[in-house]
Amino acid sequence: MLKEYKTVKEVVGPLMVVEGVEGVKYEELVEVRLQTGEKRRGKVLEIDGNKAMVQLFEGSAGINLKETTCRFLAHPLELGVSEDMIGRIFDGLGNPIDNGPKIIPEMKIDINGSPINPVSRDYPSEFIQTGISTIDGLNTLVRGQKLPIFSGSGLPHNNVAAQIARQARVLGDGEKFAVVFGAMGITFEEAQFFIDDFTKTGAIDRAVLFINLANDPAIERIATPRMALTCAEYLAFEKGMHVLVILTDLTNYAEALREVSAARKEVPGRRGYPGYLYTDLSTIYERAGKLKGRPGSITQIPILTMPEDDITHPIPDLTGYITEGQIILSRELYKQGIKPPIFVIPSLSRLKDKGIGKGKTREDHADTMNQIYAGYASGREARELAVILGESALSEADKAFAKFADAFDKKYVDQGYETNRTIEETLNLGWELLSIVPRSELKRIREEYIDKYLGKV
């Protein structure tokens, strides 16, 4: 029988202090009954002797210190999982919000997960096709990788997220693929956009959505990505599926952490975020990967909006240390009407070399990727030079590269949100654009590939 406590001593923001407790554990779930009979839930954040600090999921408004009772439930926050979750929409705490039936769980799993032992990790090496040329061709996503998208306020990261969720697939016959989508602190309109897009395109049939709205409690926001990842781990490692996890917006998640940290009167770190922000983010990002001897995998695309487009802000800065690269959305390209506005020069996938080449994409992929990068960088420099010195100051090669950069933006990058290109189409398009440049300038591609592919696209 679980003991009831009527010893609530203090309530500050979303936090509550209960005294005289016995045998209570960190992360344990708490049921709080108000004087009105209303029940709320929380979890234990801290234990000091016989005092427990409880973090409330639904907030502390209306709590009467004398009349409120607490029961500690002797287990952490759990998610009931089942394959029936695919095609369903849940709130940030795992409750169905799509008017469908309740999930009958196959098992209940602690949402905090277990760290993957580095020895049991398998090295990511298989290509995932997103249908977006700037990712597939130049910043290749590899199964088991974590590749964040760095965006800015007002940029169309939601469209990019929906496009990847809709189009992404693993190449190969009979591979079971699913998308787990976790949204934190988004507006009702954004949530409706994702639900409508997934439903209209049929992507919902292989997706699980966890949605925490901006007017939901900030505390729920901290649980949402862990709910999504717990569902993904079940589908990947229990059911052998390849799961793509898209989490948006990690900035809202970090803001919720800062709010709780301030309520706990902790010493703030950079920009007021808690000093353990790096550790906390790593508990989310490091749940991606593949396990040796298991068929499933988890690939992660976290999306975060950089406050004031500042890439040195603590959230993108720390994310860059933990993850394997970044895709960067550019305000400059967005203003030019390019969709999706992915800026390839500062974007990077640290594992791209592992997922491309013969038998994975195509033999010429690595060489053309390097040449396109070099050509685009040269072309942008030539364009800037022409603005300052005039076009007459450019050499013939510079003019060719400037023309290449213009064509690259218009044809390669600006593909829209509905176009789903195969990797073959992306590579062929790359050769078509490289034909603008004099053959003598293609110094990063082997002669045999130039002979084989140039002029045949």
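Quick note: numbers below take in every heavy atom, side chains included, and nothing from hydrogens, waters or symmetry partners.
- A salt bridge links R287 and E233; the closest N-O separation between the charged side-chain nitrogens and carboxylate oxygens is under 4.0 Å.
- Between the side chain of N139 and the main chain of T134, a donor-acceptor pair closer than 3.5 Å is present.
- A side-chain donor-acceptor contact under 3.5 Å links Y285 and T319.
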Test side-chain contact (heavy atoms from CB on, under 4.5 Å) on D409 and D414 and set out the steps. CA-CA 6 Å; D409 282 341; D414 188 16; over 6 Å; no
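- Shown here are the salt bridge (charged side-chain N to carboxylate O under 4.0 Å, His left out) partners of D110, two or more places apart in sequence or in another chain: there are none.
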Might you work through the side-chain contact (heavy atoms from CB on, under 4.5 Å) test for I315 and T251, ending with a clear yes or no? CA-CA 7 Å; I315 307 166; T251 301; 3.9 Å; yes
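- No side-chain donor-acceptor contact under 3.5 Å links D309 to the backbone of G152.
- At least one donor-acceptor pair under 3.5 Å links the side chain of N212 to the backbone N or O of G185.
- When atom types are taken as modelled, the side chain of S297 and the backbone of K290 share no donor-acceptor pair closer than 3.5 angstrom.
- Around atom NZ of K239, more than 12 heavy atoms belonging to other residues, nucleotides or ligands sit under 6.0 Å away.
- Residue L2 places its CG atom among more than 12 non-hydrogen atoms of other residues, nucleotides or ligands, all under 6.0 Å distant.
- Side-chain contact check for T368 versus R362: every heavy-atom pair is 4.5 Å or farther apart.
- With sequence neighbours excluded, no residue satisfies side chain to side chain donor-acceptor pair (under 3.5 Å) with T36.
- Within the structure, salt bridge (Lys or Arg N to Asp or Glu O under 4.0 Å) contacts touching residues 216-230 (residues at least two apart or in different chains) are R226-D280.
- At distances below 3.5 Å, not a single donor-acceptor pair connects side-chain atoms of D122 with backbone N or O atoms of L291.
- Using a 4.5 Å heavy-atom threshold, the side chains of P274 and R264 count as separate.
- Screening residues 343-355 for side-chain hydrogen bond (donor to acceptor under 3.5 Å, both in side chains) gives Q145-S349 as the qualifying pairs, with residues at least two apart or on separate chains.
- When all heavy atoms are compared, the tightest approach of G62 to Q35 is O-NE2, 2.9 Å.
- Using a 4.5 Å heavy-atom threshold, the side chains of D84 and E106 count as separate.
- Residue pairs satisfying the salt bridge (Lys or Arg N to Asp or Glu O under 4.0 Å) criterion with at least one member in residues 56-81, sequence neighbours excluded, are listed as follows: E31-R71.
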List the steps and the verdict of side-chain contact (heavy atoms from CB on, under 4.5 Å) for L209 and R88. CA-CA 6 Å; L209 277 69; R88 300 292 303 277; over 6 Å; no
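- Salt bridge annotation for K25-E28: absent, with no cationic side-chain nitrogen under 4.0 angstrom from a carboxylate oxygen.
- Counting only distance, with no hydrogens or angles, the side chain of Q326 and the backbone of P346 share a donor-acceptor pair below 3.5 Å.
- Taking OG1 of T68 as the reference point, atom CE of M16 lies at 7.0 Å (rounded to 0.5 Å).
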Would you please test I222 and V260 for side-chain contact (heavy atoms from CB on, under 4.5 Å) and show each step? CA-CA 10 Å; I222 296 172; V260 173; 3.9 Å; yes
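- The ring pair (Phe, Tyr, Trp, His ring centres under 6.0 Å) search around Y376 returns F408, not counting sequence neighbours.
- Qualifying salt bridge (charged side-chain N to carboxylate O under 4.0 Å, His left out) partners for E286, counting only residues two or more places apart in sequence or in other chains: R121, K146.
- Counting only heavy atoms from C-beta outward, the side chains of R40 and L34 approach each other to under 4.5 Å.
- With sequence neighbours excluded, the residues satisfying ring pair (Phe, Tyr, Trp, His ring centres under 6.0 Å) with F198 are F181.
- Surrounding NZ of K292 are more than 12 heavy atoms belonging to other residues, nucleotides or ligands, all under 6.0 Å away.
- In this structure, the side chain of Q300 engages the main chain of I284 through a donor-acceptor pair within 3.5 Å.
- In this structure, E424 places its CD atom where more than 12 heavy-atom neighbours from other residues, nucleotides or ligands lie under 6.0 Å away.
- The main-chain N or O of G94 is found under 3.5 Å from a side-chain atom of D91 such that the two form a donor-acceptor pair.
- Looking at heavy atoms from C-beta onward, F127 lies in side-chain contact with T140 at the 4.5 angstrom threshold.
- With 3.5 Å as the limit, one finds no donor-acceptor pair spanning the side chains of R143 and T299.
- L281 is listed as a side-chain neighbour of I322, based on a closest heavy-atom distance under 4.5 Å.
- Atom CD of Q163 sits about 11.5 Å away from atom NZ of K339, to the nearest 0.5 Å.
- Under 4.0 Å is where a charged nitrogen must lie from a carboxylate oxygen, and between K411 and D406 no such pair does.
- Looking at F404 and I372, their side chains come closer than 4.5 Å, going by heavy atoms from C-beta outward.
- There is a side-chain donor-acceptor pair under 3.5 Å between T130 and D136.
- Partner of Y334 under the side-chain contact (heavy atoms from CB on, under 4.5 Å) criterion, chosen from P340, S151, P156: P156.
- Remark: L56 CG to L45 CG distance equals 9.5 Å, nearest 0.5 Å.
- The ring-ring contact (aromatic ring centres under 6.0 Å, His included) contacts involving residues 46-65 comprise nothing, where partners must be two or more places apart or lie in separate chains.
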Scan the side chains in residues 3-13 for donor-acceptor partners under 3.5 Å anywhere in the protein, sequence neighbours excluded, and list what turns up.
{"unit_1": "Y5", "atom_1": "OH", "unit_2": "E22", "atom_2": "N", "d": "3.1"}
{"unit_1": "T7", "atom_1": "OG1", "unit_2": "E19", "atom_2": "O", "d": "2.5"}

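- Sorted by first then second residue, the salt bridge (Lys or Arg N to Asp or Glu O under 4.0 Å) pairs that include residues 181-210, not counting sequence neighbours, are R166-D197.
- Using a 4.5 Å heavy-atom threshold, the side chains of H365 and I423 count as touching.
- Within the structure, the ring-ring contact (aromatic ring centres under 6.0 Å, His included) test picks out the following pairs touching residues 233-279 (sequence neighbours left out): Y273-H313.
- Proximity of a side-chain donor or acceptor of S282 to a complementary backbone N or O of T279 within less than 3.5 Å is detected.
- Listed for the E425 side chain is a donor-acceptor partner under 3.5 Å among the backbone atoms of T422.
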Might you work through the side chain to side chain donor-acceptor pair (under 3.5 Å) test for R421 and S133, ending with a clear yes or no? CA-CA 7 Å; R421 289 183 186 150; S133 291; 2.8 Å; yes
